Asks: 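For reference, the structure I am asking about is given below.
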Amino acid sequence: MDTVDARFKWLEANGEAQYIADRHYDGLLEGRFYRSTCSRGYIKAVNVPELPDGYYLFSAKDVPGTNRLPIVVPDWPAFADTEVRYIGQVILLLVGPDPLVLEQLLTQVSVEYEPLTPAYTVAQSKALVDGAIHNQDNLFDAHQIDKGDIEAGFAQAVTIFEETVTTGYQEHLYLETQGCVGYVADSKVVIEGSMQCPWYVYHCMSTVLGHQHIRVIQAPTGGGFGGKEDYPNIIAGPLAVAVNQLRQPIRVVLERREDIAFTSKRHPVEFHYRTGVDKHGQIVAMDIKFDLNSGAYFSLSGIVLQRAITTATNVYDIANVRIQGQAWCTNTVPTGAFRGFGSPQTCFCIESHMNHIAQQLGQAPLAFKQAHLLTNQSTTLTGASIFGELVITDLIEQSVSASQYLAKRAAYAAQSSQGAYRKGIGISIFQHGCGFAGDLEDTLVKAKVRLIKDQNEQVTILVSNTDIGQGLVLTFRQIVADTLALPLSQVDISVVDTDSVPDSGPTVASRSIVIVGYILEQAALALKQQWQVGEYQEIEQDYQKPSYHQWDQINYQGNAYQSTSYGVNVVEVEVDMASYEVKINDAWGCYDIGHVINEQIFNGQIDGGMVQALGYGAMEKLELNGEGVFAQKSMADYMVPTSLDVPRIQRSLVDNPYPYGPQGAKGGGELTHNGAASAFVAAVEQAVGQAFNRIPVTPEVIAQTLTNEPQANIKRIDVAEVTNEN
Amino acid sequence: MVAIYRPTQLADALAVLTNETCTVFAGGTDLMVRHRVRPNIVADFSQPVMFIDAITELGQIQTLADGTLRIGAAVTLAQLIAHPLIPDLLKQSAAKIAAPALRNRATLVGNVCNASPAADTLPILYLLDAKVQLQSCQGERTMALTQFILGPGQTPIDGCELLTWLEIPPQQFTQTFYHKVGTRAANALTKVSVVAAAQVVDEHVLDWRIAFGAVAPTVVRSPSLEQLVVGLNVSQLQQTHFITQLQQQYAELIVPIDDQRSTAKYRKQVALNLLKRWLLMIN
Amino acid sequence: MKIEFTLNQQPIAVDVDPMQTLLMTLRQDCGLTASKEGCNEGECGACSVLVNGQLVNACLLPIAQVSGNHVQTLEGLRQTEKGQCVINALLEAKGVQCGFCSPGMVLALYVLLEQHPQPTEQQVRTALSGNLCRCTGYSMIVDAAFIAATKGAGLW
C-alpha cells in the first residue's frame, strides 16, 4: 500500500490554494446583505436610498423562480418577503464595486415592521404569544419511539430518577468564513464557494432561478464541520438572483462577526429523563422527552431530531423505553448541522444522567454503565438486531488500561476535600450512526460515483463529496488505488463541479467513507475486471442497500443507520479550587470505526473532533441575550481552545472490519465529537464533588454550583410499595 | 484619507501635537479594532494619526541613577518580556496578554493609555507604584498612575501631550503572586486578575500589597487595607478570622460587572479566593 | 500615499491609504493571498506575516507602519530552504486539514525554530497560541515543529 503522497495538501501548506476570497475575477462586484433588525414581524415598507450608478439592489421581487430554498422542506425564503422571523434574516442584497459605499448605502436602508412578540426559547415558543410563528403550534416536527412496555417497566421500579439535562449552542468557527462568488460562463449561472454540498446549492439555485442553466463548483473550503451544509444555500440563493440578472461576477464573503451572529448553530437541547431502577439496580424503564430549539426555519432540524431520537439510549440496552422528541420554531438564527448532528447533545445528556443515577445508587459510573451495555444479542432501540460484532467492551478495556482509569478514579476519590487543586477523571461511552438516517441513502440520496480511466492509464475519481479538511481526497484515492493495485500517483480526484461530477450525495452524516467510499471500491473493482490497456473507460456505480438493512421511516423501526461506530473517551482534569479554572491534563480516545483506511488521517479526526468536543463541554459559551441575538459577537468573545488549552490526545483503535464498507471501514468524522464533553464533565464532577446538568461547564458554572446556588439536582423517588409487592 | 505623521524624533511629534489633535498610535492593536478595520475597508480614523513607533528614543528601557526603571512609550510587550531589567511580575502579566504576534506590536504604554478596566498590566503597575511622564512642547509633568487612570478609557492627558515614559521606582520583595483568570489558557481576555507582593523578614511583614484587575472601573488597590497587614507576623495574617475579615473589607471595594465573558458574582468570589490563597502563601 | 518597503526581499512601492492594513495591501494591491483574513481583530493568526523577522498580525498593521521595513510572507518564505523545511514537516505530520490556518502556522513555526532550534512542547504550544486551528486539535502541528527541528538540523 502506497500512502505517502507529497501532493496531498501541498497547495494549502504553501499558501497556493485559492480559497474563494483569494480568487481574482475581472469586473468583480461586492455583495452585502441587508438583514432584518426585527426578530418577528411583518414587513410594512422597505425604504431604500437612491443608488449611485453601478449599484444595484435585489429583493424578493427579483426572484424569477420560487422564493423558497428547498432545504429538506421549502420554507426558508431567499429574501424575506412578507414577514421576518429572526434578527439577521436576509431582506435585500446590495451589489456594487466599492465595499465602503455599500456599507454606507446599507445604513440608509430602513425597513418598517409591524412587530410581534418574539419567542426565543422553547418555552416561549410553546406559549404562542401573538399566535404561532409556524403553522398553528410552532411545532416543526415530532416523533415518538416506544420500545417494550413503559408502564410495565416502571411497575418493576423501586426507585425513579427524574432529571433535566441541557446543552447550549455551539458555533462552528471554521477559520474561513462563509463565502461564494457568482458569475456567468457559457450562459450558465455559476456559483463557486466554500461549501460542503455543491448539489444542494445547485437545487436551491434552480428553485430560485426557475431554470437549470446552473453550475456549482466547490472552492477549497476552510473548514465546515456541518456549518457549510445549509448556509451556502442562504448565500447562493440571493446571489444567484443578482448574477442571473446582472450577468457580472459578484462576491459575497461574510465578515467574522456576521458569520458568528447569523449562520447556523448547533441545536440547544433540553432532555427530561424519568428512569426507573429495579431492586437489583438495573434500569427497567426510561421515559425520555426532549425539545430542540430549531430557530426560525426548519432547515435540517427534522434529521437532527431523528438522530437524537433514534440514538437516545446511546449504547445501552434498556428494555422499556418511550422517547418523545420535538423540534420547535423560535425567532432565532436557524440551527443546523454541526459535526454529530444531534448526537453530541444526546451523548452528553444520557451519559451524564447515567453517571448521576450511578452516584445516587452508590455505584461506580463505569460499572453501572457496563451493566447496561448493548450486546450482540440485544435488540436496538428501534427494534433491530445488532449487525456485526460489538466491540464496546474491548474499547472500554483498552481505554481503562491506557488511562489507568480505575486506579486514578480511586486515588482521586480519596484526595483531600480541602486541596487547592483537585483532580478528577471521567469516562464516556458513545456511538454514531453512519450515513443518512434510516434507509434514506436508498430512498432519497441514491448516490452515484464515476471513475474515468484515460489512455495513459490515469484514473480520475468523480464524486460530489468535498474535502473540507477531513482528508477525503486522499482516503478516496487510496481506496481506488489499493483496489486497482496502482500507485497513488496514478489516481486523481476531480474538483467538485456539478458540470462534471455525479451526485454522490452531500458531505454530511459520516457517510463519505462508508457509503461513497464503498461505492468507489465497487466501481474500482468493476474497472479492474474490465481494465483495457490504452483505452478510455468510464465506470458508473450506484449505491446498493445491504440486504440486512431494513427501515420503516414512518414508525422509526429497523436499522436506524446502515452501520454504527463506537467510541470511549477518558478525560483527566485538575480544578483550581480558588479560580475554578479547569486544566485538561490528559485525554484518551479509543474507537471502533471498522477497519481504518488511513490511520494518520483518522488520527487527525480524533484530535480535531475531541478538541472541539472539549471546547463544547468546557468553554464554548454562546448565549442569547434579551434581544434574541448572541451575546458573544467576535472571536474575542466566543472561546475555542488554543494550543495551550488542550493536551495531546492519546488515540487508539479496535479493528472490527465492516463487510459493507471500503476495506472494512465505517464512518468516523462525527463520532470523535460525541464523547469528550461528557467525559470532561464527569472528570470535573469527580474533582469538585458536585453534579452538573448542562454544558458548557465554565468556571462560572462551577463557582455557582460550589458556592450558594447548587443547580437543580437529580430527583429521587423511592417507590416503597412496589418493593413490597416484589 | 486622514493625515498621518510618523516622526523619528520626539520633538517633531510634540510639535505636531501642539497644533493638531491626533490619535496617538503606538502598536495600534487595540485602536485598529476599535476603529473597525474590516474586510477590504480601511479603518475609520476620523482625526489625524500620530504614529510613535518610529521614535527611537521611546523604544528604550533605561535605569536611572536612583534605580528607577523607565520604559518608553514605543516599547512593545515582546521587548519587555525579553529585557533583563524588567521585574518578573511585569513580565508575567505581559506574557499573558494575547499571543506572540500581537505582543510584537502592542506596547505597555498603549495598554496603560487604553485605561481599560480589564487591562492586564495595570494591576501590576499600580502595585509597583508606577508613574507616568507626560510631555508637550510646553514642558512635562509626572504623575502617579493612580492619578492618570480616571475611569474606563479616561485619562487626564491633554491633546498636546504625549505619554512618553512610564517609571517604576526600585523596590524589594521577597515574594510575589500573579494570577490572571482569562477566558482561556492563552490568547485570552481577562475576567479577573490578582497581583500581589510582599517583603517578609524573619516572619515579619515589612511590606504587603495586592491589586485586583477587572473587578471595578479601575484597578482596586487599597493602601489603607494594606497597612492593616504590614507590621504583622506571618502567623497572624494567616489566621482564619483575619483572612475572613480582610476578605470582607476588600469585598466592599470589589464591584465587578456581568458581561458576555463572565459574571460579577464569579469575579468577586475568585478575587477574594485568590486574596486568601496569597495570604496563605506568605512565609 | 506612497509607501515603500521590502516585500520578500524585493523593494516595492504602493500608493494606498496609509491606514489601510498590510493584509489588505498584500491581498488586494500585491496579489499575495497566502495570508488569510480570518477575523480582522488579531485573534486567529491566519493573517500572520513577518515584519523585520517578527511575527505580526497583518490585519491590524497599518501600511504606514510598514514603511521602510522588511515584510516576509509565505510566498517569500516558501522559496527558502527553511521555509520548505517547515512546510514539508507540516505535510509529513498531517498538520494541514482545511489549510486555512496553515500559512500562518508555517510562519509561526518558522519564527519558533529561529528562536528555539530544539524547542520543548511548551515552547511550541506557546509559539502557536495566537494561531487558532479548528480542525487538527493542534498536536500534529506541534509534531511538525519537532520534525522540522530534526530534519532541518543545522538549518536553524
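It should be emphasised that the depicted structure is a prediction, and the values quoted were computed from it without experimental measurement. Throughout, protein chains are lettered first and strands after them, A, B, ... in sequence-line order, and every chain is numbered starting at 1.
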Asks: Between atom CZ of B/Arg38 and atom CD of A/Glu258, what is the distance when rounded to the nearest 0.5 Å?
Replies: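 So the gap between those two atoms works out to 12.5 Å.
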Asks: Whether the side chain of B/Tyr266 engages the backbone of A/Val701 through a donor-acceptor N/O pair (distance < 3.5 Å, no angle test) should be reported.
Replies: no
Asks: Any side-chain heavy atom of B/Arg277 within less than 4.5 Å of one from A/Asp576?
Replies: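 Sidechains of A/Asp576 and B/Arg277: in contact.
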Asks: Hey, is NZ on A/Lys423 packed in by over 12 heavy atoms from elsewhere, all under 6.0 Å?
Replies: no
Asks: Please classify the contact of A/Met619 with chain B as side chain, backbone, both or neither, using a heavy-atom distance under 4.5 Å.
Replies: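 Side chain only.
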Asks: Distance check, rounded to the nearest 0.5 Å: A/Asp637 atom CG versus B/Asp259 atom CG?
Replies: 8.5 Å
Asks: Does B/Glu203, at its CD atom, have more than 12 non-hydrogen atoms belonging to other residues, nucleotides or ligands within less than 6.0 Å?
Replies: no
Asks: Might you confirm whether atom NZ of B/Lys180 has over 12 heavy atoms from other residues, nucleotides or ligands at distances under 6.0 Å?
Replies: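 More than 12 heavy atoms, drawn from other residues, nucleotides or ligands, come within 6.0 Å of this atom.
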Asks: Check A/Val640 against B/Arg184 and note the closest heavy-atom contact, atom names and distance.
Replies: O-NH1, 2.7 Å
Asks: What distance separates A/Met639 CE from B/Thr183 OG1, expressed to the nearest 0.5 Å?
Replies: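 Going from the CE atom of A/Met639 to the OG1 atom of B/Thr183 covers 4.0 Å.
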Asks: Where on A/Glu103 is there a heavy atom nearer than 4.5 Å to chain B: the side chain, the backbone, both, or neither?
Replies: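 The answer is the side chain of A/Glu103.
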Asks: So which residue, A/Ala578, A/Ala631, A/Ala636, ends up with the most heavy-atom pairs under 4.5 Å with chain B?
Replies: A/Ala578
Asks: What I'd like to find out is whether the side chain of A/Glu581 reaches to under 4.5 Å of the side chain of B/Lys191, using heavy atoms alone.
Replies: no
Asks: In Å and rounded to the nearest 0.5 Å, what is the OG to CG distance from A/Ser579 to B/Leu274?
Replies: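 One finds 6.0 Å between OG of A/Ser579 and CG of B/Leu274.
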Asks: For the pair A/Asp645 (side chain) and B/Ala185 (backbone), establish whether a donor and an acceptor sit closer than 3.5 Å, ignoring hydrogens and angles.
Replies: yes
Asks: Using only atom types and a distance under 3.5 Å, with no angle test, would you say the side chain of A/Gln632 pairs donor to acceptor with the backbone of B/Gln260?
Replies: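 Looks like yes, one N/O pair under 3.5 Å.
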Asks: Less than 4.5 Å to any heavy atom of chain A: does that hold for the side chain of B/Lys276, its backbone, both, or neither?
Replies: neither
Asks: Taking side chain as everything from C-beta outward and backbone as N, CA, C, O, which of these in A/Ala618 sits under 4.5 Å from a heavy atom of chain B? Side chain, backbone, both or neither.
Replies: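 Contact with chain B: none, neither part.
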Asks: Can you check whether B/Asn40 reaches A/Arg251 side chain to side chain, under 4.5 Å on heavy atoms?
Replies: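 Yes, at least one pair of side-chain atoms sits under 4.5 Å.
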Asks: Give the member of A/Arg256, A/Glu255, A/Glu623 that has the highest number of heavy-atom pairs under 4.5 Å with chain B.
Replies: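 Between A/Arg256, A/Glu255, A/Glu623, the count favours A/Glu255.
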Asks: Flag the pair B/Asn273 / A/Tyr580 as yes when at least one side-chain heavy-atom distance between them is below 4.5 Å, and no otherwise.
Replies: yes
Asks: Where on B/Arg261 is there a heavy atom nearer than 4.5 Å to chain A: the side chain, the backbone, both, or neither?
Replies: both
